[in-house]
Asks: 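One structure follows; several queries about it will come next.
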Number of protein chains: 2
Amino acid sequence: MVYIMEFKVDGACRGNGQPGSTAVAVACLFTRNGTYIPKARHLPPDNPVPTNQRAEIRAIIIALKWALVRYSELSMGPYMDVRIKSDSKYVVNSMTTWIYKWIDNGWYNAAGRPVVNTDLFQRAFALQNKISQIGKVTYAWIPREENLDADIECKEALDRIQ
Amino acid sequence: MVYIMEFKVDGACRGNGQPGSTAVAVACLFTRNGTYIPKARHLPPDNPVPTNQRAEIRAIIIALKWALVRYSELSMGPYMDVRIKSDSKYVVNSMTTWIYKWIDNGWYNAAGRPVVNTDLFQRAFALQNKISQIGKVTYAWIPREENLDADIECKEALDRIQ
RNA sequence: UGACACCUGGUACC
DNA sequence: GGTACCAGGTGTCA
């Protein structure tokens with residue numbers, strides 16, 4: 001028995017790179033009939049300052065957590081096939097390749113500087129490892145134009161918090 | 001001997017951004033007594049799809065061509081002073097500033113994507129260069145409210161083609 | 001140097 | 001409410 005979960009995720013950060021920025025992360029869970037259920041989270045306004053990158057990672061975390069909760073609700077303990085699509089090469093490459101290098105080298109980037117957003121990457125990696133024990137997680141990059149659902153949900157979530 | 005030509009130009013695109021849009025470009029040549037002679041052109045319905053921006057550039061081209069034809073009709077080979085007013089900052093800034101940057105950088109915009117409508121900009125630039133050998137071309141931005149003559153001519157031209 | 005995002009602003013066209 | 005286009009900028013990595 002295989003339980004497939006397909007997500008599109010996105011993050012948005014109004015005023016990115018400027019003081020007072022506000023950010024939102026969204027995961028959209030797609031159902032068999034082509035519709036989706038969105039889940040949005042507001043990023044804390046500081047500590048650290050929200051950025052577009054943090055929002056994109058945070059969106060991955062929403063999906064991974066969601067998959068684990070869903071699994072816990074299922075009685076038959078199926079094999080989980082979690083598929084996450086993001087338009088951020090930064091997060092997709094981070095989660096699929098770079099993170100293994102960082103774990104290996106003590107979290108330093110190619111420029112010799114400490115990797116940024118390690119807190120979120122480690123949270124995501126821990127969740128991913130949990131899922132690995134009951135299935136698998138795959139990430140795919142899609143262009144922005146194919147991520148409009150999640151993009152719209154982000155903007156609406158931002159509008160709601162103003 | 002200086003021959004001054006003053007134009008107001010405008011473009012309009014019904015259904016801009018939607019399939020089946022139709023567009024028109026107009027140049028109005030102003031005469032010493034305050035009246036003007038309009039010249040309108042219909043944009044081809046595809047290849048590429050007409051847009052408001054293409055219509056605005058096309059309007060510049062009408063004026064530039066007109067100036068060259070008029071020059072060829074004059075026997076005394078005067079110094080041409082061609083003045084074009086448009087309510088599109090996009091075209092005015094493109095023709096006065098950005099085009100030099102684009103020529104320099106191989107036609108990439110600030111986002112690193114290829115500049116759009118290069119075909120029309122290059123046509124306009126070639127005409128402008130021809131005039132530069134016999135005079136000069138200056139562009140000025142005017143607010144929409146000061147461009148009502150050309151605006152009305154556009155709408156009428158659109159109505160004529162339906 | 002490259003890439004993908006995330007914005008801020010502006011004008012027009014509908 | 002939307003699209004068509006541009007200029008500036010940051011966030012991050014290889």
Side-chain angles (χ1 to χ4, degrees), chain A residues 9-25 43 48-57 59 86-99 101-102 107-118 120-121 141-145 147 150-151 154-155 158, chain B residues 9-25 43 48-57 59 86-99 101-102 107-118 120-121 141-145 147 150-151 154-155 158:
Chain A
V9 304
D10 200 13
C13 180
R14 219 155 250 177
N16 184 41
Q18 260 136 325
S21 58
T22 53
V24 154
L43 274 73
V49 159
T51 66
N52 68 316
Q53 311 287 45
R54 292 186 69 79
E56 303 277 9
I57 310 169
S86 165
D87 62 22
S88 165
K89 287 205 168 163
Y90 169 67
V91 286
V92 170
N93 288 331
S94 290
M95 295 304 294
T96 56
T97 42
W98 301 335
I99 201 169
K101 170 190 159 190
W102 296 334
W107 297 85
Y108 284 94
N109 63 26
R113 316 275 313 168
V115 169
V116 178
N117 301 325
T118 35
L120 292 179
F121 282 127
W141 177 83
I142 53 175
R144 215 166 71 92
E145 313 86 72
N147 206 26
D151 185 66
C154 268
K155 287 188 179 8
L158 273 176
Chain B
V9 305
D10 200 11
C13 180
R14 217 156 252 177
N16 184 41
Q18 260 136 326
S21 57
T22 54
V24 154
L43 274 72
V49 159
T51 66
N52 69 316
Q53 310 287 45
R54 290 187 69 79
E56 303 277 10
I57 310 169
S86 165
D87 61 24
S88 165
K89 285 208 168 156
Y90 169 66
V91 286
V92 170
N93 286 334
S94 290
M95 294 305 295
T96 56
T97 326
W98 301 335
I99 202 169
K101 169 190 161 187
W102 296 334
W107 296 85
Y108 284 95
N109 63 28
R113 320 274 311 172
V115 170
V116 176
N117 301 323
T118 35
L120 292 179
F121 282 128
W141 178 81
I142 52 175
R144 216 179 12 184
E145 313 85 72
N147 205 26
D151 184 66
C154 268
K155 287 188 180 7
L158 272 176

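These numbers were taken from a predicted model, which means no experiment stands behind them. Labels below follow one simple rule: chain letters A, B, ... track the order of the sequence lines, proteins then strands, and each chain is numbered from 1.
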Asks: How many Å lie between CG on A/Asp151 and P on D/dG2, as a whole number?
Replies: 12 Å

Asks: Tell me which nucleotide among D/dA14, D/dC5, C/rA5 gets nearest to the side chain of B/Thr51.
Replies: D/dC5

Asks: For D/dG8, does either OP1 or OP2 sit under 4.0 Å from a side-chain N or O belonging to B/Lys101?
Replies: yes

Asks: C/rA5 P sits how many Å from A/Lys155 NZ, rounded?
Replies: 12 Å

Asks: Check the phosphate of D/dC6 against B/Asn93, side-chain N and O only, distance under 4.0 Å to OP1 or OP2. Yes or no?
Replies: no

Asks: Examine B/Phe121 together with B/Trp102 and report whether their ring centres are nearer than 6.0 Å.
Replies: yes

Asks: If I take atom NZ in residue A/Lys89 and atom P in nucleotide C/rG2, what distance separates them, rounded to the nearest angstrom?
Replies: 15 Å

Asks: Given C/rA5, D/dC13, C/rA12, which nucleotide is nearest the side-chain atoms of B/Arg144?
Replies: C/rA12

Asks: What integer distance in Å separates B/Gln53:CD from C/rU11:P?
Replies: 13 Å

Asks: Enter the distance from A/Lys89:NZ to A/Asp87:CG here, rounded to the nearest 0.5 Å.
Replies: 11.0 Å

Asks: Looking only at the side chain of B/Asn117 (C-beta and beyond, no hydrogens), which of the listed nucleotides D/dC5, D/dA7, C/rC13 gets closest?
Replies: D/dC5

Asks: Tell me what B/Gly112 touches on the nucleic acid: a base, only sugar-phosphate, or nothing, going by heavy atoms under 4.0 Å.
Replies: nothing

Asks: For B/Trp98 and A/Pro114, take the nucleotide of DNA chain D holding the closest heavy atom to each; which residue's nucleotide lies nearer the 5' end?
Replies: B/Trp98

Asks: For the atom pair CZ (B/Arg144) and CG (B/Asn147), what is the distance rounded to the nearest 0.5 Å?
Replies: 10.5 Å

Asks: Send over the distance from B/Leu120 CG to D/dC6 P, rounded to a whole Å.
Replies: 13 Å

Asks: So which nucleotide from D/dT12, C/rC13, C/rU11 ends up closest to the side chain of B/Asn52?
Replies: C/rC13

Asks: When we call it a touch if two heavy atoms are under 4.0 Å apart, what does B/Ala110 touch: a base, just sugar-phosphate, or nothing?
Replies: base

Asks: Does any N or O donor sit under 3.5 Å from an N or O acceptor when you compare the side chain of A/Asp87 with the base of C/rA5?
Replies: no

Asks: Quick one: which of C/rC7, C/rU11, D/dA7 gets closest to the side chain of A/Leu158?
Replies: C/rC7

Asks: Ignoring hydrogens, what is the shortest heavy-atom contact between B/Cys13 and B/Asn52? Give both atom names and the distance.
Replies: CB-N, 3.5 Å

Asks: Take the protein atom CZ of A/Arg14 and the nucleotide atom P of C/rG9, then report the distance between them rounded to whole Å.
Replies: 10 Å

Asks: Identify, between B/Glu145 and A/Asp10, the residue whose nearest nucleotide on RNA chain C lies closer to the 5' end.
Replies: A/Asp10

Asks: With a 4.0 Å cut-off on heavy atoms, is A/Val115 in touch with a base, just the backbone sugar-phosphate, or nothing at all?
Replies: sugar-phosphate

Asks: May I have the distance from A/Trp102 (atom CH2) to D/dC13 (atom P), rounded to whole angstrom?
Replies: 6 Å

Asks: Going through the checks in order, is the side chain to side chain contact (heavy atoms under 4.5 Å, CB included) test met by A/Val9 and A/Ser86?
Replies: CA-CA 5 Å; A/Val9 304; A/Ser86 165; 3.8 Å; yes

Asks: Base, sugar-phosphate alone, or nothing: which one does B/Glu56 contact when heavy atoms must sit under 4.0 Å apart?
Replies: sugar-phosphate

Asks: Looking at B/Asn16 and C/rC14, is any side-chain donor or acceptor paired with a base atom of the opposite kind under 3.5 Å?
Replies: no

Asks: Once you round it to whole Å, what is the distance between C1' of C/rA5 and CZ of B/Arg113?
Replies: 12 Å

Asks: Hey, mind stepping through A/Ile99 and A/Trp107 against side chain to side chain contact (heavy atoms under 4.5 Å, CB included) and telling me if it holds?
Replies: CA-CA 8 Å; A/Ile99 201 169; A/Trp107 297 85; 3.8 Å; yes

